[in-house]
Amino acid sequence: MESLTLQPISQINGEVNLPGSKSVSNRALLLAALAQGTTRLTNLLDSDDIRHMLNALKQLGVNYQLSADKTVCEVEGLGSAFNASQALELYLGNAGTAMRPLAAALCLSQGNFVLTGEPRMKERPIGHLVDALRTAGADVTYLENENYPPLAIKGTGLNGGEVEIDGSISSQFLTAFLMAAPMATQDTVIRIKGDLVSKPYIDITLHIMAQFGVTVENRDYQEFFIPAGQTYQSAGDFLVEGDASSASYFLAAAAIKGGEVKVTGIGKKSIQGDVQFAHALEMMGAEIEWGDNYVIARRGELKAVDMDFNHIPDAAMTIAVAALFAEGTTSIRNVYNWRVKETDRLAAMATELRKVGAEVEEGDDYITIVPPTQLQHATIDTYDDHRMAMCFSLVALSDTPVTINDPKCTSKTFPDYFDKLAGLSQSA
Ligand SMILES: O=C(O)C1=C[C@@H](OP(=O)(O)O)[C@@H](O)[C@H](O)C1
Ligand SMILES: C=C(OP(=O)(O)O)C(=O)O
């Protein structure tokens, strides 16, 4: 297996223009495809998850032109749901932001579809979404295991009506239903069962739906009312914000090591909840400066935090590794759904943090980390999880090297992550 050894980094300094947000890119692509008119997306992310969405849209008969660097995409909207005269199998890798929203959009469409992905995708639950879609009249069959992809969908349109969605495992189920609901035949009322995890991602969804001209009434995240008979309208020129989760590694690097890092493409008006990572870093002692289109982090003497990270589960992984440089015991709480992401992130994080010498307690839905006095050189397994690879690169900010197995797994959301990190780094 390929691996990458990062030598100790003595200084971190500079500026990173962030690649487009994965969450925004895939939502905007799907809505642009459903919308009436042509939408021009700029700063689109070029990564595996987006490639899977683009390939699926092409198979579904959507015309688009992609620039040579794949960051500008002109999508000719259908002005309706999809209509496939031949049965289609869509392969979506391990992209939750493609699998879940497309599952709902295909129930709305006409045709016979199979949605599948890589082995890990077949272990990531989708039952709560399928239950809700079935209530609204969808015909969905599990092809292998109950509650997991692959799915067979006979698309005949969605009825809408009163629907309950369990929001306790993934917010992507609600996102998926919300995006399909305006095109259902009747008005839809979605009621949330259980606690809604990863709530800020719903704000991204609602914001982008509004940019594409549809109306949703949000009744305090407990209930959503979506009037029927709405057609998405082209958002014209649509700029994809920088990826706030990807920003976390660079901001943390500055806070851990010193110097100053400016990330551009996100700022105080960002629609992504993961910008709240900067607040968590501030609570750990970093100095943070916010602009409309940038965030700057400077060194602080980091101290441990004990926080609920349910709202920012992706960026919380960066906190787990920053904890190696913080005084005291860091507790990352209420991240139960780490277990159903690219890997079981609670188990993976505990195992790999121990390899560099940390004392770790892994609970059902939390992890606590006590840093060692001296970090040890270790070979980090990344479990085909882009965030494991990116987080653990930060170990090189100590005076110990770190070896990252399968560094190319960052291609899910950030193919040139290690080049960007090298651009900020000076070796010891
Ligand atoms: O809607 C989205 O774009 C996402 C929602 C979150 O998932 P969950 O809602 O499953 O926590 C997040 O972890 C994922 O990377 C992207
Ligand atoms: C959980 C993630 O991805 P997905 O969109 O596949 O859920 C992630 O990017 O950390």
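Numbering of residues begins at 1 and proceeds along the displayed sequence. Bear in mind that the values here come from a model prediction, so they are computed numbers and not experimental data. When a ligand or atom number is given, it counts from 1 through the structure's own listing order.
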Do Lys262 and Tyr294 form a cation-pi contact, if we require the NZ or CZ to be under 6.0 Å from the six-membered ring centre and within 45 degrees of the ring's axis?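 Ring-cation test returns yes.
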
Find out whether the Lys NZ or Arg CZ of Lys199 is both under 6.0 angstrom from the six-membered ring centre of Tyr221 and within 45° of the ring's axis.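 Pair Lys199/Tyr221 counts as cation-pi.
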
Name the closest protein heavy atom to [atom], giving the residue it belongs to and the distance to 0.1 Å.
| atom | value |
| --- | --- |
| atom 9 (O) of ligand 1 | Ser171 OG, 2.6 Å |
| atom 9 (O) of ligand 2 | Lys22 NZ, 2.7 Å |
| atom 10 (O) of ligand 2 | Arg387 NE, 2.6 Å |
| atom 1 (O) of ligand 1 | Arg27 NH2, 2.7 Å |
| atom 12 (C) of ligand 1 | Asp314 OD2, 3.4 Å |
| atom 7 (O) of ligand 2 | Arg124 NH2, 2.7 Å |
| atom 7 (O) of ligand 1 | Lys341 NZ, 3.1 Å |

Quick one: which ligand 2 atoms are inside 4.0 Å of a heavy atom on His386?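 What qualifies from ligand 2 is 8 (C), 9 (O), 10 (O).
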
Give the atom numbers and elements of ligand 2 that come within less than 4.0 Å of a heavy atom of Thr97.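 In order of numbering, the contacting atoms are 5 (O).
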
Name the orientation class of the two ring planes belonging to Tyr417 and Phe414 (parallel below 30°, tilted from 30 to 60°, perpendicular beyond 60°).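 Tyr417 vs Phe414 ring planes: perpendicular.
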
So, regarding [X] and ligand 2 (criterion: nitrogen or oxygen to nitrogen or oxygen, under 3.5 Å), is there a contact or not?
| X | value |
| --- | --- |
| Lys412 | yes |
| Glu342 | yes |
| Asn94 | yes |
| Arg345 | yes |
| Gly96 | yes |

What atoms of ligand 1 come closer than 4.0 angstrom to any heavy atom of [X]?
| X | answer |
| --- | --- |
| Thr97 | 2 (C), 3 (O) |
| Ser23 | 2 (C), 3 (O), 16 (C) |
| Asn337 | 8 (P), 10 (O), 11 (O) |

Between [X] and [Y], does any side-chain donor sit less than 3.5 Å from a side-chain acceptor?
| X | Y | answer |
| --- | --- | --- |
| Thr71 | Asp46 | no |
| Ser171 | Ser198 | no |
| Ser270 | Glu241 | yes |
| Ser245 | Asp274 | yes |
| Ser168 | Tyr336 | no |
| Thr403 | Ser3 | no |

Answer side chain, backbone, both or neither: which part of Thr205 comes under 4.0 Å from ligand 1, heavy atoms only.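 Within the 4.0 Å criterion, Thr205 makes no contact with ligand 1.
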
Ligand 1 versus Ser198, non-hydrogen atoms closer than 4.0 Å: side chain, backbone, both, neither?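 Ser198 to ligand 1: side-chain contact only, backbone stays beyond 4.0 Å.
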
So, regarding Ser170 and ligand 1 (criterion: nitrogen or oxygen to nitrogen or oxygen, under 3.5 Å), is there a contact or not?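 Yes: some nitrogen or oxygen of Ser170 is under 3.5 Å from one in ligand 1.
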
Tell me whether Arg387 has any N or O atom under 3.5 angstrom from an N or O of ligand 1.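 N/O-N/O distance below 3.5 Å does not exist for this pair.
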
Using 0.5 Å steps for rounding, measure from the CD atom of Glu362 to the CG atom of Asp344.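 It is 6.5 Å, given to the nearest 0.5 Å.
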
Does the side chain of Ile319 come within less than 4.5 Å of Met284's, by heavy atoms?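 They are in side-chain contact.
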
Test side-chain contact (heavy atoms from CB on, under 4.5 Å) on Gln172 and Tyr201; report intermediate values, then the result. CA-CA 8 Å; Gln172 292 179 0; Tyr201 286 95; over 6 Å; no

Using only atom types and a distance under 3.5 Å, with no angle test, would you say the side chain of Asn337 pairs donor to acceptor with the backbone of Ile169?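 Pair found, side chain donor or acceptor close to backbone of Ile169.
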
